[in-house]
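Okay, structure first, notes after.
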Number of protein chains: 2
Amino acid sequence: MTDTSAPADQVFLRRHNLAMVLRDLRDHGPRSRARIAADTGLNKATVSSLVAELAELGLVRDGDVERGGGVGRPGQTVEIDGRVCGLGAEVNVDYVAVLVLDLRGEEVRYVRTPLDVPRLGVEKTLDELAVAIAAAADDAAATGHDIAGITVGIPGMVETAPGVLRHAPNIGWREVRIADELVARLPGPVTAIRVENDANLSALAESAMGASAGTADLVYVTGETGVGGGVISDGVLLRGTEGYGGEIGHMPIGDPAHRCGCGKLGCWEASVGLAALLREVADKDDPVTDPSVDLEVRLAEIRRRAALGDGRTLRGIEAVGTALGLGVAILVNLFNPRVIVLGGYFAALGEFFLPAMETELDKRVVAPARGGCRIELSALGFTAACRGGAHVALEAVFTDPASVAVATVPTPLPGGMA
Amino acid sequence: MTDTSAPADQVFLRRHNLAMVLRDLRDHGPRSRARIAADTGLNKATVSSLVAELAELGLVRDGDVERGGGVGRPGQTVEIDGRVCGLGAEVNVDYVAVLVLDLRGEEVRYVRTPLDVPRLGVEKTLDELAVAIAAAADDAAATGHDIAGITVGIPGMVETAPGVLRHAPNIGWREVRIADELVARLPGPVTAIRVENDANLSALAESAMGASAGTADLVYVTGETGVGGGVISDGVLLRGTEGYGGEIGHMPIGDPAHRCGCGKLGCWEASVGLAALLREVADKDDPVTDPSVDLEVRLAEIRRRAALGDGRTLRGIEAVGTALGLGVAILVNLFNPRVIVLGGYFAALGEFFLPAMETELDKRVVAPARGGCRIELSALGFTAACRGGAHVALEAVFTDPASVAVATVPTPLPGGMA
DNA sequence: AGTGTTCGTCGGATGGGACAACAAACTAGG
DNA sequence: CCTAGTTTGTTGTCCCATCCGACGAACACT
């Protein structure tokens, strides 16, 4: 991720190596300086110097001494200090959520606030979100944590550069300067706020800490009210020129008889979105179609019926699964990912979808053996987008550790000695 | 493109800055050392040192002195030396071709050898290709050029790492170790040979030197026997995990009545490939459907009929154009490119396609104003893949200028003085 | 207790870039 | 013609980051 068109001086070099040591600790766990040197190819003396600087920044600290590690002097392990954190926030149709992750990837705090976002409108929803973020930040500060960055996920088309939401049909928002609006609502000096599509953030989360952690080529497909997607290719998120990439919901491969929420006929979303599933498995007066009932509960009921072998339910799921496989096949042909991760309700009903879906998939993928692609169900659940957001904030630290500089004050001395 | 997981020492730093100076000269033309310093942000003294090293490598040389450039001492311009070259080769259905491009991007040599590749088979075709490559290399050497690298484009699924072709249905090849086979056939020590899908190379060529040169987000779609595609996102080529990415021809969005060459029904290729066009605009006994006639000639005839306003022809082209727009809309929704480049016969008949295609496109793209995407017809014609191959070979030099080291002997002295 | 091994640090060497000063080469103007 | 002013490119010096060799420290094993 090093900028190829910037001049490289010693500062650049130092930053690169600082980042490399920090990432080594993240990816392979606590270890001695000698071991880091062996891992990275850097000189032992250099590693000592780098670790000292990272320690001064509050990013790493000395851990245990390696006892019983065979012959020779035991190593003094270095580990990532969990003080610095990233904050991920999410606005969805019926809730806002905030999640704080420390540099070690551990969850510090997670708060989900149910809200009727479309009814509440932009202003009040952002007020609520700002309160939730400020509360999480205060809470983190009280336990000695620092927030190094904030990323907000929104279910719509986002231009990341200025942090502007262009259009989010599911919550009815249009042209909202999310980043600026939040900065204005948050007290005190605020670190940079990034804004990103929620499915993109979920894809990043799956790639970084899901069941397939570390996968550099991954496509995330989530089924909720709409159908969203995020693509990670060769380790980087695909955004497109203006950040409009990954709009997979409106591929014209669905049944032309069904009208999509976007107004067009034959969108994929109209064949595999939540509405399509409910249409297939239930009648109008069936309680599972009642939007006032919690989605989790309704899905549990459908899962129950499927498990009992109910014909209508199974046929409906199979139909949706086949349509799902058709679209996923396109994604596999285009991106040749290592793994496809299914999220949202696809994950919840995954076991019943998979047979029909994989049958269709195998029919449509050109590459032999699906191009080495496997299908997986998301295990991150509703926290995926938030986790991805926190991850993005942390990634900035892993790319340029020195960026956390000054802001980080040493933990308040409990005793009070000068 | 700098490896983020390798230790950075001074050598790394030097390489980075050497590359930056060389790219500055490529992108902005000959200029003085002082100007390079201003462009890159490097110090004047550093630039002098870097230029001296590049000159010693034979990559740049002193050019004219800037006369009449206003007040002050005129600058001694530095320009890219065209001695070092990249070689691109292409295997297609009815020809093999070789193109040599010098470091300034100028064409040194282009040879196209008509061959009936499917009938000739793997061995003999590779023999012919090796002869063509060796001849081009000898020819280049005779005029004082050095080949720094070779890239071969193949119309099929390629695994780039070992340089192996997995499957190329249009020429009937399967599991061919292209790189190794060529090395064995070429005399003398051979620089690394890369192998890549031909549409991917064309996409790179369009992005690097087509009408939209410099575009970092670009999708190339070519219509020939099959329909191929190459995607460049954020400046890098999408390959996928195993290099199977970009298979756009078999998206299931075509008329289910038509069978594709792959055996499936409803592939996009079956609706917009060359066979589909001919089916729409001509009867079985029409000369334009005669495969023994050169494709260029047949396309010219179709273009003539369209220009005269022939109803059958225009309706046929419109039908294909609409189908083309449908598929392209998917690509725009997924990749949000800055430009879509149409190649192959799409480019040849472009003016007649565009209206129907753009109408369908606008109907199907979700992002406002097509997400800022424009449609363009390729101007590189049949040389696109070769150009892309040569470009890839040159790109290695622009990434690590020092890599051309030792091999480059100073041009033979014509006089013969010791 | 002695030996061998590994860890972490110290001092010096190497090398690359930044900075300031300077000579060179040109224009403009008297 | 000559001088002042400007820009270029080189030189010498300094700074800084990494590398290398050596050394003390800490441990296991005999």
Side-chain angles (χ1 to χ4, degrees), chain A residues 2 6-22 24-25 30-57 60-79 400-402, chain B residues 2 6-21 24-25 30-56 60-79 400-402:
Chain A
T2 48
D9 53 5
Q10 281 104 333
V11 177
F12 168 90
L13 205 160
R14 186 72 171 176
R15 178 167 55 216
H16 182 105
N17 286 337
L18 281 171
M20 196 168 44
V21 169
L22 199 57
D24 184 52
L25 289 172
R31 55 200 43 223
S32 70
R33 291 164 174 78
R35 185 68 203 282
I36 295 172
D39 290 346
T40 58
L42 291 163
N43 190 277
K44 274 194 304 171
T46 308
V47 170
S48 279
S49 161
L50 291 166
V51 165
E53 187 169 340
L54 289 173
E56 205 162 334
L57 289 166
V60 305
R61 62 177 176 222
D62 278 351
D64 298 332
V65 175
E66 284 177 332
R67 294 268 162 191
V71 70
R73 173 180 165 180
Q76 167 65 253
T77 63
V78 180
E79 61 185 23
D400 180 10
Chain B
T2 48
D9 52 7
Q10 280 105 332
V11 177
F12 167 91
L13 203 160
R14 185 75 173 173
R15 178 167 54 215
H16 181 104
N17 287 336
L18 281 171
M20 196 167 42
V21 169
D24 184 52
L25 289 172
R31 55 199 44 224
S32 70
R33 291 165 173 79
R35 186 68 203 281
I36 295 173
D39 290 347
T40 58
L42 290 163
N43 190 274
K44 275 193 303 171
T46 308
V47 170
S48 278
S49 160
L50 291 165
V51 166
E53 186 168 342
L54 288 173
E56 205 161 337
V60 304
R61 64 180 174 218
D62 278 351
D64 298 332
V65 175
E66 285 177 332
R67 292 267 162 192
V71 70
R73 172 180 168 181
Q76 168 66 256
T77 63
V78 180
E79 60 185 24
D400 180 10

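As the structure is a prediction and not an experimental result, all values here were calculated from the model. Just so it is clear: chains get the letters A, B, ... in the order the sequence lines come, proteins before strands, and each one is counted from 1.
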Exercise for review: Only pairs at least two apart or in different chains count here, so list each salt bridge (Lys or Arg N to Asp or Glu O under 4.0 Å) that has a residue in residues 40-49 of chain B.
Suggested key: none
What integer distance in Å separates [X]:[atom1] from [N]:[atom2]?
X       : N      : atom1 : atom2 : result
B/Glu66 : D/dT6  : CD    : P     : 19 Å
B/Asp9  : D/dT18 : CG    : P     : 9 Å
A/Gln10 : D/dC19 : CD    : P     : 13 Å
A/Arg14 : D/dC15 : CZ    : C1'   : 14 Å

Can you give me the N/O atom pairs linking the protein to nucleotides 25-29 of chain D at distances under 3.5 Å, or say none if there are none?
from   : atom 1 : to      : atom 2 : distance (Å)
D/dA25 : N3     : A/Arg73 : NH1    : 3.4
D/dC27 : OP1    : A/Arg67 : NH1    : 3.2
D/dC27 : OP1    : A/Arg67 : NH2    : 3.1

**Study point:** Pairs flagged by side-chain hydrogen bond (donor to acceptor under 3.5 Å, both in side chains) wherever residues 45-57 of chain A is involved - sequence neighbours left out
**Key:** A/Arg14-A/Ser49, A/Arg14-A/Glu53
Review point. Nearest nucleotide by nearest heavy atom, which residue falls closer to the 5' end of DNA chain D, B/Thr77 or A/Glu53?
Key: B/Thr77
Practice item. Please determine if a side-chain N or O atom of A/Asn17 lies less than 4.0 Å away from the OP1 or OP2 oxygen of D/dA17. Key: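 False: A/Asn17 side-chain N/O out of range (4.0 Å or more) of D/dA17 OP1/OP2.
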Can you sort out the partners of [X] under side-chain hydrogen bond (donor to acceptor under 3.5 Å, both in side chains), two or more places apart, ordered by chain and number?
X       : answer
A/Gln76 : none
B/Gln10 : none
B/Asp62 : B/Arg33

Only counting residues at least two apart or in another chain, list the ones meeting salt bridge (charged side-chain N to carboxylate O under 4.0 Å, His left out) with [X].
X       : result
A/Asp64 : none
B/Asp24 : none
A/Arg73 : none

Check your understanding: Which residues pass the side-chain contact (heavy atoms from CB on, under 4.5 Å) test with A/Asp9, sequence neighbours left out?
Key ->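 With sequence neighbours excluded, A/Asp9 shows a side-chain contact (heavy atoms from CB on, under 4.5 Å) to A/Val11, A/Phe12, given in chain and number order.
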Review point. Hey, does A/Gln76 reach any base, or is it just sugar-phosphate, or nothing, if we go heavy atoms under 4.0 Å?
Key: sugar-phosphate
Exercise for review: Supply the atom-to-atom distance A/Arg15 CZ to A/Leu50 CG, rounded to the nearest 0.5 angstrom.
Suggested key: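 A/Arg15 atom CZ to A/Leu50 atom CG measures 13.5 Å (nearest 0.5 Å).
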Practice item. Name the first nucleotide and the last nucleotide along DNA chain C (5' to 3') that come under 4.0 Å of a heavy atom in chain B. Key: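 Listing 5' to 3', DNA chain C meets chain B from C/dG15 to C/dT27.
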**Study point:** Within residues 41-51 of chain A, residues whose heavy atoms come under 4.0 Å of DNA chain D
**Key:**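 When residues 41-51 of chain A is checked for heavy atoms under 4.0 Å from DNA chain D, the hits, listed by number, are A/Leu42, A/Asn43, A/Ala45, A/Thr46.
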Review point. Does the side chain of A/Arg31 reach to within under 4.5 Å of the side chain of A/Leu25, using non-hydrogen atoms?
Key: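 Of all side-chain heavy-atom pairs linking A/Leu25 with A/Arg31, at least one is under 4.5 Å.
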